[in-house]
Structure formats: C-alpha cells, structure tokens
S.K.: 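Got a structure here, written out as structure tokens. Questions coming.
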Amino acid sequence: MSRASSPAGNGSSWIDVTVPVRPGMVSFPDNPPIEIVRVLDLARGDPATVSHLSLGVHSGTHVDAPVHFLADGEGVDALPSDRLIGEARVLAIRDPRAIGVAELRALDPREGERLLFKTQNSERCWRVDTFVPDYAYLSLEGAQLLAERRVRTVGIDYLSIAEPDAPVATHLALLQAGVCVIEGLDLSAIQPGAYEMLCLPLRLAGADGAPARVLLRPRG
C-alpha cells in the first residue's frame, strides 16, 4: 500500500490500492502466470534495461469487460469513464465467505453508486502466493440485488467477485445490467467510507479485461 501526492496539489493524498505486479504472484486457476524477464540489462553491459512482460488480462488488480462473459459485449477500451472515475463508497463486509442480500440491504446500495467491498480477503488472501479458494465473494442473489438497484460499479479485494465454482451467473447478473466490475483490490489500509476513485485500466483494444491502477482519496 502506498501514498502519492495529490495531483491537484491540495495537500491530501491518494492511496494506491493496486496489488503490485511481480513474477510468481498469485493468479486465478487456469489463467496465465505472471512473468517479467529482462531481455536487455545494463548490468550485463547492454545499452539499456528492457523487460518482457507476460500475464493474463485478469491478473492482479484489473477490470472485467462485458465481453468477458457476453459474446456481443464491449471490450475494456469501450468502458465509460464514469464507471471508473468518481466518488466511491468502501463497505466493510462482515460475512467471512459470501456477500449476501441481508448484509447488502443493511448497507443500502443506491442507484449510480460505485461500491468497493472490503472483506477478509485484503488481510488474508494477498499474504500468500498460492491461490486461496475459500475467498469471500459476492453471492448471485447479492449481484442480482445490486443490478436491481442499478449501481454503477462494484469492486472486490480478490481475483474474482464471484464464487469460484460458479462464476458465470454472478458475472452475468452484473455485466448484463451494465455494472462495471473491478477485481483484485487491496483494501487492507482503507477504512469504510466515502472516497474519490481513479481506476485506469490499460486501453487494450477489444479485450475482455485489463490490469488497472486504482487510487482512492478520502472525501471530506
């Protein structure tokens, strides 16, 4: 977790909630591994250092595009910027496994909101380089509620927002309703509350997702 000076120069700080990309880091099962190899190196006498990067588009902190689960969906480069930039609400989730309807109703999701779920994943799952299969996820019923409430964006603090053994239905419930999905956040240093969010995925033409840099700044 790192902090950066405010671009506006007003003294407040942006908090980086992006998981650092590095070789050997955890990836979702059946996704490509993350590899960074120096093909040129100043230490070897080369004129510059140049690295080769290989990874899946759903590695680390990333954004899912509609085409990830919808054959006629748009690519990540077509996502509207208002899904990725603006006020966001970080919500502390108590259930250690599933974000369900009862807990969501108590948190009162509203139309147009950007919601980031802070679960036990931030403290537990990012500490190891092996995949944690019993991570906390958004239940299908919870996804359907958020779609009905017409929220703008949802984010979660591990590699998938959906149950690992049944990912399709939850993603479809969100993506078909136009809800943007951000996955792989590290919210361990973030308190629940209102923030400004900057989420900038790589502009990969037509891609089903893209790694993203995500920054939060407390409001008020």
Side-chain angles (χ1 to χ4, degrees), residues 1-5 7 13-65 67-69 75-77 79 84 90 116-138 153-165 167-168 170-171 180-190 197-217:
M1 189 66 57
S2 62
R3 291 177 179 267
S5 298
S13 293
W14 290 92
I15 306 170
D16 196 335
V17 295
T18 313
V19 176
V21 175
R22 54 186 176 78
M25 70 180 291
V26 62
S27 57
F28 201 82
D30 298 327
N31 277 222
I34 293 87
E35 299 176 347
I36 305 175
V37 179
R38 288 192 174 182
V39 294
L40 297 176
D41 197 333
L42 287 168
R44 296 197 301 259
D46 295 318
T49 295
V50 177
S51 297
H52 172 83
L53 171 65
S54 175
L55 75 172
V57 297
H58 302 278
S59 300
T61 306
H62 65 276
V63 176
D64 284 355
V67 74
H68 186 30
F69 283 94
V76 70
D77 56 321
L79 287 174
L84 306 167
V90 175
L116 307 180
F117 299 123
K118 180 180 180 178
T119 74
Q120 66 171 4
N121 297 339
S122 284
E123 294 289 350
R124 176 171 171 259
C125 297
W126 291 123
R127 296 188 177 187
V128 296
D129 285 335
T130 53
F131 181 70
V132 178
D134 58 343
Y135 61 85
Y137 60 87
L138 176 64
T153 300
V154 296
I156 198 164
D157 51 357
Y158 202 47
L159 292 167
S160 177
I161 200 163
E163 184 177 4
D165 296 329
V168 176
T170 298
H171 279 91
C180 181
V181 177
I182 304 171
E183 298 171 329
L185 298 165
D186 179 1
L187 300 175
S188 57
I190 300 296
M197 179 178 73
L198 291 175
C199 176
L200 300 176
L202 291 177
R203 195 176 183 182
L204 303 179
D208 50 285
R213 190 76 176 264
V214 184
L215 305 177
L216 298 178
R217 181 168 66 178

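Note that this is a predicted model, so its numbers are computed, not measured.
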S.K.: Using side-chain contact (heavy atoms from CB on, under 4.5 Å), reason through Ser160 and Tyr137 one step at a time and then give a plain yes or no.
M.R.: CA-CA 7 Å; Ser160 177; Tyr137 60 87; over 6 Å; no
S.K.: Do side-chain atoms of Asp157 reach the backbone of Ser122 as a donor and acceptor pair under 3.5 angstrom?
M.R.: yes
S.K.: For the residue pair Phe131 and Ser27, what are the closest heavy atoms and their distance?
M.R.: CD1-O, 4.0 Å
S.K.: Against Met197, only a single residue in Val17, Val214, Leu215 fulfils side chain to side chain contact (heavy atoms under 4.5 Å, CB included); can you say which?
M.R.: Val214
S.K.: Testing the basics here: between Gly209 and Val57, what is the closest heavy-atom pair and its distance to 0.1 Å?
M.R.: O-CB, 3.3 Å
S.K.: Side chains of Lys118 and Val90, heavy atoms from C-beta outward: is any pair under 4.5 Å?
M.R.: yes
S.K.: With rounding to the nearest 0.5 angstrom, report the CG to CG distance, Asp46 to Asp41.
M.R.: 6.5 Å
S.K.: Does Thr49 offer a backbone N or O that forms a donor-acceptor pair with the side chain of Arg44 under 3.5 Å?
M.R.: no
S.K.: Measuring from Glu183:CD to Thr61:OG1, what's the distance to the nearest 0.5 Å?
M.R.: 10.5 Å
S.K.: Answer whether the closest heavy-atom distance between the side chains of Asp64 and His58 falls below 4.5 Å.
M.R.: yes
S.K.: Contact between Trp14 and Leu198 at the side-chain level, heavy atoms closer than 4.5 Å - yes or no?
M.R.: yes
S.K.: Out of curiosity, Ile15 CD1 to Ile190 CD1, how far, rounded to the nearest 0.5 Å?
M.R.: 4.0 Å
S.K.: Please check this pair: side chain of Trp126 against backbone of Gly184, looking for a donor-acceptor N/O pair closer than 3.5 Å.
M.R.: no
S.K.: Compare all side-chain heavy atoms of Val132 with those of Tyr158 and state whether any distance is below 4.5 angstrom.
M.R.: yes
S.K.: For residues Val63 and Pro201, report the shortest heavy-atom separation together with the two atoms involved.
M.R.: CG2-CB, 4.1 Å
S.K.: Minimum heavy-atom separation for Cys199 and Ala212, please, with both atom names.
M.R.: SG-CB, 4.1 Å
S.K.: Within a strict 4.5 Å, meaning less than it, do heavy atoms of the Leu116 and Val154 side chains meet?
M.R.: no
S.K.: Taking the side chain as C-beta and beyond, is there a heavy-atom pair between Val21 and Ile34 under 4.5 Å?
M.R.: yes
S.K.: Within the structure provided, determine whether Met25 and Val19 are in side-chain contact (heavy-atom separation under 4.5 Å).
M.R.: yes
S.K.: With side chains defined as the heavy atoms from C-beta onward, is the minimum distance between Glu35 and Pro23 less than 4.5 Å?
M.R.: no
S.K.: Measuring from atom OG1 of Thr18 to atom CG of Asp186, what distance do you get when rounded to the nearest 0.5 angstrom?
M.R.: 9.0 Å
S.K.: Walk me through it: do Arg213 and Asp16 pass the test side-chain contact (heavy atoms from CB on, under 4.5 Å)?
M.R.: CA-CA 8 Å; Arg213 190 76 176 264; Asp16 196 335; 2.6 Å; yes
S.K.: Please determine if Arg124 and Asp134 form a salt bridge, counting it only when a charged side-chain N lies under 4.0 Å from a carboxylate O.
M.R.: yes
S.K.: Can you label the angle between the His171 ring and the His68 ring as parallel, tilted or perpendicular, going by 30° and 60°?
M.R.: perpendicular
S.K.: Could you grab the distance from atom CD1 of Ile182 to atom CD1 of Ile161, nearest 0.5 Å is fine?
M.R.: 9.5 Å
S.K.: Which value, rounded to the nearest 0.5 Å, describes the distance between Leu55 atom CG and Arg22 atom CZ?
M.R.: 13.5 Å
S.K.: Give me the atom names and distance for the closest heavy-atom approach of Gly56 to Pro211.
M.R.: O-CG, 4.5 Å
S.K.: Which pair of non-hydrogen atoms, one from Val76 and one from Ala65, has the smallest distance, and what is that distance?
M.R.: N-CB, 3.3 Å
